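Keep in mind that this is a model prediction, so the values were computed, not measured.
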Amino acid sequence: MDILKPPALKPGDTIGIVAPASRSALPSALKNGRRSIEALGFRTETAPHLSDRHGFLAGRDADRLADLQAMFADPEIKGIACLRGGYGSVRMLPDLDYDVFRAHPKVFVGYSDITALHGAIQRHAGLVTFWGPMVSSDMSPVFQPYNRDAFVKAVAGTDPIGEIPHPDDMPPVQTIQGGRASGPLIGGTLSLLAAAVGTPYEFDYDGAVLFFEDVGEEPHRIDRMLTQLLQSGRLARVSGIVIGECAGCGSAPHNPAFPYGSFSIEEVFIDRLKPLGIPVVYGLGIGHGTYKATLPLGVRATLDGDACTLTIDEPGVI
């Protein structure tokens, strides 16, 4: 399927805010996040069910689904940002009308649980979507400058993003396996990628540069998810792998799952991924931590495992 790029956002455009997964616990987070978006010159509009709650979900499935598709269909809405992650996006995938996404291509931004929507939309609509910051999670109380600038460059600039900058105060990116690879960029949060295996809603891994990250996972759980991707044959199909920041991942200091000993996260990556013989790097500013590069999914990217760089070779918008 040919990729479909959305129009670039322009000053004065309206960005719709949706909650495909969980709701924000703090009303102030929405207010502050809207302020951050509007400070960039955009307008904002909230979905009707944005503040609903149904257990751990931001309202019932049918209402969250209707909000998302209405935002795409509305000609006055030029881009769509997710409120937060949490859980719930995957429940809507069988009922999405993918013709709506193809007929009304728009910038769509989110990460974490939103990984499920990125994979499904790319697989069935071919639309470039954006792994990037969310309204209550990352734009409140302030929009961190690195994240803000990366967001604007990705969704409002029609030039290729180029090399993803690595913040000086993060640990250096590490080479797990050297080499160079290019291909369409896919990825997201590892637990969501693993959960999608075998469903009709996973990314197309063939020849892709895969990135992943996760948050709060112990090494054996990371190992299990990578083993699932290995045993399903998914990782044998990619050309290179970029591991982002895995915030809060590691053995629990007060109640480790294996008190007699464990692997570090880095050792898991080396053990599971180095034998693939493809370029692999670890530690880029992609993840649930402070820094979040905004990445257009589906466009061509190049990974240099020796230089520890990821370069986005083409714009994600037109």
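At distances below 3.5 Å, at least one donor-acceptor pair connects side-chain atoms of Gln69 with backbone N or O atoms of Asp97. Judged by distance alone, the side chain of Asp113 and the main-chain N or O of Thr189 form no donor-acceptor pair under 3.5 Å. Using a distance-only test at 3.5 Å, with no hydrogens or angles considered, no donor-acceptor pair links the side chain of Lys10 to the main chain of Ala156. Gln144 contributes a side-chain N or O that, together with a main-chain N or O of Asn147, makes up a donor-acceptor pair within less than 3.5 Å. Lys106 contributes no side-chain N or O that, together with a main-chain N or O of Gly79, makes up a donor-acceptor pair within less than 3.5 Å. With hydrogens and angles disregarded, a donor-acceptor distance shorter than 3.5 Å links the side chain of Thr175 to the backbone of Gly305.
Nearest heavy atoms, Arg84 versus Met134: C-SD, 3.4 Å.
Taking the six-membered ring for Trp and the full ring otherwise, the centers of Phe101 and His124 sit at least 6.0 Å from each other. In this structure, Phe263 has its ring center no closer than 6.0 Å to that of His220.
Trp131 and Tyr111 have tilted rings, their planes meeting at an angle from 30° to 60° on a 0 to 90° scale. Classification of the Phe108-His118 ring pair by plane angle, with boundaries at 30° and 60°, yields perpendicular.
In summary, Arg64 and Asp67 do not engage in a salt bridge, as defined by a charged side-chain N under 4.0 Å from a carboxylate O.
Within the structure, the salt bridge (charged side-chain N to carboxylate O under 4.0 Å, His left out) test picks out the following pairs touching residues 282-301 (sequence neighbours left out): Asp138-Lys292. Note on residues 23-58: pairs passing ring-ring contact (aromatic ring centres under 6.0 Å, His included), not counting sequence neighbours, are Phe56-Tyr87.
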(Q) What verdict does the side-chain contact (heavy atoms from CB on, under 4.5 Å) test give for Ile286 and Val242, after you've listed the backbone C-alpha separation in whole Å, the side-chain angles of each residue and the deciding distance to 0.1 Å? (A) CA-CA 9 Å; Ile286 304 167; Val242 177; 4.3 Å; yes

Q.
Could you go through Gln122 and Leu127, starting from their C-alpha distance and side-chain angles, then the distance that decides it, and tell me whether this counts as side-chain contact (heavy atoms from CB on, under 4.5 Å)?
A. CA-CA 5 Å; Gln122 186 176 124; Leu127 176 64; over 6 Å; no

(Q) As a quick check of understanding, evaluate salt bridge (Lys or Arg N to Asp or Glu O under 4.0 Å) for Arg60 and Asp63, giving each step before the final call. (A) CA-CA 5 Å; Arg60 297 184 180 277; Asp63 292 331; 5.7 Å; no

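Note on Leu235: it does not cluster hydrophobically with Leu192, by side-chain heavy-atom contacts below 4.5 Å among ILVMFWY residues.
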